[in-house]
J.: 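Please find one structure pasted underneath; my questions will follow.
Predicted model, so just to flag it, every value in this text is computed and none were measured. Numbers for residues simply follow the sequence, beginning at 1. Note: hydrogens, waters and symmetry copies are ignored here, and every other heavy atom, side chains too, is used.
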Amino acid sequence: MSQKVDFHCHSTASDGALSPLQVLSRAAEQGVSCLALTDHDTLAGTRWLQKKAQSFPVRLVPGCEISCTWGRKEIHVLALAMDLDHPPVTAFIDRQIEARRQRSHAIAARLAARLPQYSADQCLGGAREEAWKAQRDADADFVLPEEQLQIGRPHFAAWMQREALVPDRRTAFERYLKNRQLGGIEHHWRSMQETVAAIDSWNAMAVLAHPHRYRLTATQLRALIKDFVAAGGQGLEVVTCRQAPGERERLGALCQQFDLYGSMGSDFHAPVSEYVELGRLAPLPAGCPCVMSQLQERNLL
Ligand code: AMP
Ligand code: MN
Ligand code: MN
Ligand code: MN
């Protein structure tokens with residue numbers, strides 16, 4: 001029987017609904033043997049969990065999902081198995097948190113321009129309160145101080161729903177929160193090339209997350225992967241939940257072609273669907289080299 005692993009999921013350290021500890025407990029319940037908690041642009045959850053993971057039968061791999069750009073596209077790169085005590089890692093993530101802080105101000109200003117009844121401060125305050133509320137509701141032991149709070153578009157969406165500006169969060173994204181509507185907020189992020197080169201320099205592993213979510217043509221996707229590999233990228237997320245028929249096989253073939261390791265991750269955010277669950281993942285296509293074995297080989301696991 002193959003092991004259950006999951007190298008992509010979220011907690012209340014970013015935009016998930018469960019605290020880091022609840023994610024880990026749930027992973028254990030689901031029979032996951034190896035887990036990377038990959039919150040957006042923060043290591044706060046992973047760091048907090050490290051101290052608590054020893055008592056669980058789950059191997060915790062340090063992780064983070066890093067927002068970056070490739071041209072004008074926003075791309076997500078997973079950094080796996082970095083040394084959390086390595087000063088360049090901390091410095092990199094600190095700048096990422098600062099970028100997100102500035103971006104949250106930019107988003108608030110954009111929203112306020114479209115919602116005359118609210119000031120930018122009210123929009124930002126509302127999103128911040130949603131982030132804290134999610135943390136408090138999940139687990140009073142994990143509530144981050146303001147300077148570490150990761151405010152993202154889902155928190156603005158939650159606030160807009162609470163204010164009855166939209167019927168649900170999806171509509172908030174549709175009407176207000178797409179990058180295009182917000183007018184180029186992606187420029188706050190580093191380039192993918194710089195991001196991947198940094199991860200590579202930490203001796204960690206860079207994995208291109210959900211390659212099919214960037215709305216790229218097959219030719220554009222190959223160009224992205226080529227640049228990703230040239231910068232030092234090593235893995236491609238091949239298996240995730242709810243994939244279209246043939247997608248895994250296509251991504252597996254790209255791994256073989258570009259000499260990349262295949263990764264698997266649910267991108268679990270909340271227990272809302274039986275189809276998106278920690279570790280509930282199909283196997284890698286036959287012949288696709290696996291991120292897991294590469295981490296073991298490099299003594300990172
Ligand atoms: P951010 O990290 O601030 O750029 O927000 C992106 C996050 O918002 C993603 O990681 C998803 O969890 C969530 N998201 C993206 N698109 C949608 C959507 N259409 N509806 C609901 N949530 C979304
Ligand atoms: Mn997310
Ligand atoms: Mn993502
Ligand atoms: Mn994710």
Side-chain angles (χ1 to χ4, degrees), residues 1-9 24 27 31-39 43 46 49-50 53 57-66 68 75-86 88-89 92-93 192-212 221-222 224-241 243 247-268 278-301:
M1 201 187 83
S2 66
Q3 277 189 72
K4 269 192 177 185
V5 301
D6 196 327
F7 291 124
H8 186 169
C9 62
L24 187 65
V32 173
S33 62
C34 185
L35 179 81
L37 176 65
T38 53
D39 279 305
L43 289 169
T46 286
L49 206 50
Q50 285 268 314
V58 182
R59 185 73 204 249
L60 186 68
V61 179
C64 187
E65 181 173 13
I66 300 174
C68 55
I75 301 293
H76 290 176
V77 173
L78 301 166
L80 297 179
M82 65 286 252
D83 174 358
L84 296 175
D85 297 323
H86 186 42
V89 172
F92 183 98
I93 297 296
M192 179 186 76
Q193 285 86 343
E194 187 186 347
T195 301
V196 171
I199 297 167
D200 194 42
S201 77
W202 309 334
N203 191 35
M205 251 184 128
V207 173
L208 183 64
H210 43 62
H212 275 307
L221 179 58
R222 295 171 67 83
L224 168 66
I225 294 174
K226 197 160 168 266
D227 287 352
F228 176 77
V229 171
Q234 296 179 37
L236 202 61
E237 195 168 67
V238 170
V239 182
T240 185
C241 300
Q243 284 177 295
E247 189 177 300
R248 271 188 305 134
E249 289 70 22
R250 277 196 298 278
L251 292 170
L254 285 168
C255 277
Q256 288 179 299
Q257 213 170 332
F258 285 92
D259 213 6
L260 287 161
Y261 297 97
S263 188
M264 51 291 260
S266 61
D267 205 3
F268 176 90
L278 294 164
R280 188 171 169 185
L281 296 159
L284 281 173
C288 179
C290 179
V291 152
M292 178 87 177
S293 52
Q294 176 61 9
L295 290 171
Q296 281 164 341
E297 215 167 280
R298 289 170 52 185
N299 285 325
L300 293 171
L301 209 63

J.: With heavy-atom distances below 4.5 Å as the criterion, would you say the side chains of Val5 and Arg59 are in contact?
T.: no
J.: State, to 0.1 Å, how close Cys9 and Ala36 come at their nearest heavy-atom pair, and which atoms those are.
T.: SG-O, 3.4 Å
J.: Give me the atom names and distance for the closest heavy-atom approach of Ala81 to Leu295.
T.: CB-CD2, 3.8 Å
J.: So which heavy atom on Cys64 is nearest to which on Ile93, and how close?
T.: SG-CD1, 3.9 Å
J.: Kindly indicate whether the side chain of Leu281, heavy atoms from C-beta on, has any atom under 4.5 Å from the side chain of Cys241.
T.: yes
J.: Gln257 vs Leu254, test: side-chain contact (heavy atoms from CB on, under 4.5 Å). Steps then yes/no.
T.: CA-CA 5 Å; Gln257 213 170 332; Leu254 285 168; 4.1 Å; yes
J.: Counting only N and O atoms by type, is there a donor-acceptor contact under 3.5 Å from the side chain of Arg248 to the main-chain atoms of Pro283?
T.: yes
J.: Does any part of the side chain of Leu224, heavy atoms only, come nearer than 4.5 Å to the side chain of Met192, both counted from C-beta?
T.: yes
J.: Going from CG on Leu43 to CG on Leu84, what distance comes out if it is rounded to the nearest 0.5 angstrom?
T.: 6.0 Å
J.: To the nearest 0.5 Å, how far apart are CG in Leu35 and CG in Leu278?
T.: 6.5 Å
J.: Could you pull out all donor-acceptor pairs under 3.5 Å where a side-chain atom in residues 196-211 meets a protein atom, sequence neighbours excluded?
T.:
unit_1 : atom_1 : unit_2 : atom_2 : d
Asp200 : OD1    : Gln234 : NE2    : 3.3
Ser201 : OG     : Ala198 : O      : 2.7
Trp202 : NE1    : Ala198 : O      : 3.3
Asn203 : OD1    : Arg298 : NH2    : 3.1
His210 : ND1    : Tyr214 : OH     : 3.3
His210 : NE2    : Glu65  : OE2    : 3.3

J.: Does atom CZ of Phe92 have more than 12 heavy-atom neighbours, drawn from other residues, nucleotides or ligands, at distances under 6.0 Å?
T.: yes
J.: According to salt bridge (Lys or Arg N to Asp or Glu O under 4.0 Å), does anything in residues 252-267 pair up with another residue at least two apart or in another chain? List the pairs.
T.: Arg213-Asp267
J.: Between Ile66 and Ala79, which heavy-atom pair has the shortest distance, and what is it?
T.: CD1-CB, 4.0 Å
J.: Any side-chain heavy-atom pair from Pro289 and Gln294 closer than 4.5 angstrom?
T.: no
J.: So how far is it from Thr195 OG1 to Phe228 CZ, rounded to the nearest 0.5 Å?
T.: 10.5 Å
J.: Measure across Leu37 and Thr46 and return the closest heavy-atom pair with its distance rounded to 0.1 Å.
T.: O-OG1, 3.0 Å
J.: Are any non-hydrogen side-chain atoms of Met292 and Phe7 less than 4.5 angstrom apart?
T.: yes
J.: Measuring from atom NE2 of His212 to atom CD of Glu247, what distance do you get when rounded to the nearest 0.5 angstrom?
T.: 4.0 Å
J.: Using the side-chain contact (heavy atoms from CB on, under 4.5 Å) rule, pick out the option among Cys34, Ser263, Ser266, Ser33 that qualifies with Asp6.
T.: Ser266
J.: At their closest point, which heavy atom of Val238 faces which heavy atom of Pro285, and how far apart are they?
T.: CG1-CD, 3.7 Å
J.: Please round to the nearest 0.5 Å and tell me the distance separating atom CE of Met264 and atom NE2 of His8.
T.: 14.5 Å
